[in-house]
K.L.:
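Please read through the structure below; I'll follow up with questions.
Start at 1 and go down the list; that is how both ligands and their atoms are numbered. Below, all heavy atoms of this structure are taken into account, side chains as well, without hydrogens, waters or symmetry copies. Numbers here simply count residues along the sequence, with the first being 1. Note that the structure is a prediction, hence the values are computed from the model and not measured.
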Amino acid sequence: MRRIAIAVVAPTLSFSLAACGALGGSGSSSDASPTKGNDLTVGLLLPETANTRYEKFDYPIIKEKVAALTRHQGKVEYANADADAGRQAGQMQRMIDNKVDVILLDAVDSHAIADMVQKAKDAAIPVIAYDRLSEGPIDAYISFDNELVGEVQGRSLLEALGSGVDKTDKIVMINGSPTDPNAKQFKDGALSQLGPKVTISKSYDTKDWKPENAEANMAQAIAELGKDNIVAVYSANDGMAGGVIKALKAAEVTDLPFITGQDAELDAVQRIVTGEQYMSVYKSYPTEAETAAQMAVAKVQGKDIQFDSLTRDRVSSPTHKNIPAQLVSVVALTKNNIKDTVIDDVFYKVADICTAKYREACVAIGLLK
Ligand code: GAL
């Protein structure tokens with residue numbers, strides 16, 4: 001059964017990036033099975049650099065956690081595809097040729113990469129889909145509850161619009177890349193909330209999740225709908241919300257509509273402080289990334305009980321059913337809970353957010369005295 005979006009405003013996990021390296025104590029592998037010791041290599045394939053999460057959080061956290069779990073003997077072989085599916089296939093081929101022990105795959109194109117997943121399988125290299133559910137014979141999947149992400153975004157917009165919300169209110173949807181299965185889940189989740197309450201006047205899928213493509217689509221929506229006729233913009237993530245705001249400002253919209261996002265990027269948190277962006281979705285990357293590292297190491301070392309306990313959920317891809325998975329919950333981030341989320345979890349310091357330009361706005365919402 002699906003959880004209701006409102007249930008996600010759970011207490012955030014207390015986590016410190018600084019403490020990341022100190023996690024070696026738990027689950028360290030003195031009990032490594034004969035399958036493979038600690039001198040293992042985890043191949044990590046991430047999809048792009050346009051959105052900041054991958055290089056700022058996912059990669060460094062996974063790297064540190066693999067080191068901590070292997071008494072600093074294990075390593076991560078990392079490649080980023082820069083939104084190029086062909087390049088990612090080449091990177092994965094190289095990892096197979098290099099005989100890495102396991103691959104964490106965050107696919108640029110979840111369908112196109114299926115052949116490479118099969119090749120890895122043929123070479124007896126397990127593949128764990130990371131964040132995006134890739135097709136082909138993967139061994140497991142670790143991600144957030146992506147439909148819930150969309151529900152949280154949709155529900156937040158309705159909350160912002162308040163009781164006066166009218167079915168004739170016009171909304172623009174700026175969705176993610178059509179090659180990313182998460183984008184469809186975000187969209188479906190958001191539509192489940194917005195569909196019955198407002199009119200989706202324009203809806204775009206954004207090539208490669210690129211902010212500049214979102215900006216161009218938004219400019220087109222403004223031209224067609226009229227700059228004062230849009231009450232809210234559903235943007236699937238923060239990078240694209242930045243593009244949407246640029247388009248609105250270029251059209252000289254002074255009273256910005258409510259705009260969503262996702263990823264808790266620093267720029268977006270600053271826009272939330274000033275009120276330019278209504279919300280983001282705060283996803284605990286440490287939980288996702290550290291769990292991925294644990295799954296990868298457990299898989300290579302043949303720790304089946306630990307692996308099973310990390311993958312209690314089940315998901316299906318277009319090619320495979322009942323894939324062992326873990327889906328991590330998410331939190332809506334608005335100006336009311338910046339402290340309880342990104343500050344308390346040491347994603348950012350108050351000083352990172354409240355630079356001179358944002359000082360006044362930070363004081364106004366109680367982030368600074
Ligand atoms: C999604 C991911 C989001 C966002 C987006 C853009 O797959 O779940 O967190 O970063 O890609 O890269």
K.L.:
Is there any ring pair (Phe, Tyr, Trp, His ring centres under 6.0 Å) pair reaching into residues 289-316, and which pairs are they, with sequence neighbours excluded?
P.N.:
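For residues 289-316: none.
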
K.L.:
Applying a heavy-atom distance cut-off of 4.0 Å, which protein residues contact ligand 1?
P.N.:
E48, N51, R53, Y54, D131, R132, D180, N182, F186, W209, N237, Q262, D263, K283

K.L.:
Please report the interatomic distance CD(Q153) to CE(M279), rounded to the nearest 0.5 Å.
P.N.:
6.0 Å

K.L.:
Picking from R53, E48, E55, what satisfies side chain to side chain donor-acceptor pair (under 3.5 Å) with N51?
P.N.:
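Of the listed residues R53, E48, E55, the side chain to side chain donor-acceptor pair (under 3.5 Å) partner of N51 is E48.
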
K.L.:
Under the ring pair (Phe, Tyr, Trp, His ring centres under 6.0 Å) definition, can you give me all pairs with a residue in residues 76-109, not counting sequence neighbours?
P.N.:
Y59-Y78

K.L.:
How would you list, by chain and number, every residue that makes a side-chain hydrogen bond (donor to acceptor under 3.5 Å, both in side chains) with D180, sequence neighbours excluded?
P.N.:
R132, W209

K.L.:
Measure the CE-OG1 distance between M240 and T206 for me, rounded to the nearest 0.5 Å.
P.N.:
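Spacing of CE (M240) from OG1 (T206) equals 4.0 Å.
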
